[in-house]
Amino acid sequence: MSQAAASAPDAGKKKGKGKLLIILVATLVLALGGGGAAYFFMARGEAAKAARQKKGDGHKAGEHADGEAGDEEAEDGEAHEPAVVALPTFTVNLADKDAPRYLRTTVSLVVNDPEKAATLSGGGEHKPGSEPVRVAMARSAILELLTTKTAEELMSAEGKTALKKEIAVRASKAFRFKVNDVLLAEFVVQ
């Protein structure tokens, strides 16, 4: 019996050493895996940055082959976040001949320059006489565009996509800089 009693404490020591060994091995595997992942992502980011720089060497600074400027800045991590120019809600008569139809929509324009957006954005409230001239010109151009559309054109997804592109073109002309995207927060056709 004394042999059985003596072997019991040794078994407890072996179990404790086994658990400790498993914990150490798991910690080592996690540390190596984390370090490997960090190296992988950092190397991948450096390769992408080098590719962008190499691509930029063949063009004028900040200009792509298709003539659009500023897209490379948006891809670079150092560029500004896009900003939004909120326009007041539009309520217009549509060009439907069979029955009077109306459109109520809220339009926001996405631009790359937060400073320009801040000078143009009036918080989305229409205050006649207090909005910048460029915003008034953009509103007028968008209003003219909306009144040429019919309810049928605007109800399809393709129609909304085409409308957003046309609004971006007209607003870009009014602002004299590129509008990257158009966001429709409200879109009601009656």
Side-chain angles (χ1 to χ4, degrees), residues 45 48-49 51-52 55-56 58-190:
K49 186 175 179 181
R52 280 194 304 268
K55 182 179 176 182
H59 306 297
K60 289 186 222 172
E63 191 170 309
H64 291 284
D66 61 359
E68 291 186 23
D71 287 342
E72 188 167 314
E73 291 176 12
E75 293 173 3
D76 197 7
E78 301 168 9
H80 297 286
E81 282 291 315
V84 174
V85 176
L87 298 177
T89 301
F90 290 89
T91 304
V92 298
N93 294 327
L94 294 175
D96 288 301
K97 301 285 185 207
D98 56 339
R101 304 300 286 281
Y102 305 94
L103 169 68
R104 179 177 171 89
T105 185
T106 303
V107 176
S108 296
L109 308 171
V110 179
V111 297
N112 277 343
D113 192 342
E115 292 175 11
K116 288 180 182 176
T119 61
L120 293 172
S121 188
E125 294 182 26
H126 182 60
K127 301 173 193 166
S130 66
E131 66 185 4
V133 173
R134 295 286 164 204
V135 173
M137 292 172 67
R139 281 185 48 77
S140 177
I142 294 168
L143 184 68
E144 291 171 8
L145 172 66
L146 294 175
T147 58
T148 65
K149 300 297 181 183
T150 63
E152 186 177 333
E153 290 175 316
L154 297 175
M155 295 306 287
S156 69
E158 296 84 18
K160 287 181 185 88
T161 302
L163 177 67
K164 288 170 64 172
K165 287 179 184 178
E166 291 178 66
I167 289 173
V169 169
R170 288 183 181 225
S172 294
K173 286 180 183 176
F175 290 157
R176 295 187 181 160
F177 60 86
K178 185 178 180 189
V179 172
N180 297 330
D181 196 10
V182 175
L183 307 174
L184 302 173
E186 176 184 19
F187 200 85
V188 179
V189 176
Q190 287 186 333

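Scope of the values below: all heavy atoms of this structure, side chains included, with no hydrogens, waters or symmetry mates.
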- Task: Quick one: pull up CD in Glu153 and CE in Met155 and give me the separation to the nearest 0.5 Å.
- Result: 12.5 Å

- Is it the case that more than 12 heavy atoms not belonging to Glu186 sit under 6.0 Å from its CD atom? yes

Between [Y] and [X], is there a side-chain heavy-atom distance shorter than 4.5 Å?
X	Y	result
Val182	Val110	no
Leu94	Tyr102	no
Lys178	Asn112	no
Val188	Thr105	no
Met137	Arg170	no
Phe187	Thr106	no
Val107	Phe90	yes
Pro114	Glu81	no

- Message: Check whether Ser172 reaches the backbone of Val179 with its side chain - one donor and one acceptor, N or O, closer than 3.5 Å.
- Response: yes

- N/O donor-acceptor pair under 3.5 Å between Thr161 side chain and Ala157 backbone: yes

- Task: Please say which of Val189, Asp96, Leu163 ends up in a side chain to side chain contact (heavy atoms under 4.5 Å, CB included) with Lys149.
- Result: Leu163

- Task: From the options Thr148, Leu143, Thr147, Ile142, select the one residue that forms a side chain to side chain contact (heavy atoms under 4.5 Å, CB included) with Leu145.
- Result: Thr148

- Query: Would you call Arg101 and Glu152 a salt bridge, taking side-chain N to carboxylate O under 4.0 Å as the test?
  - Reply: no

- Item | Lys116 to Phe177, cation-pi by 6.0 Å centre distance and 45° axis angle | yes

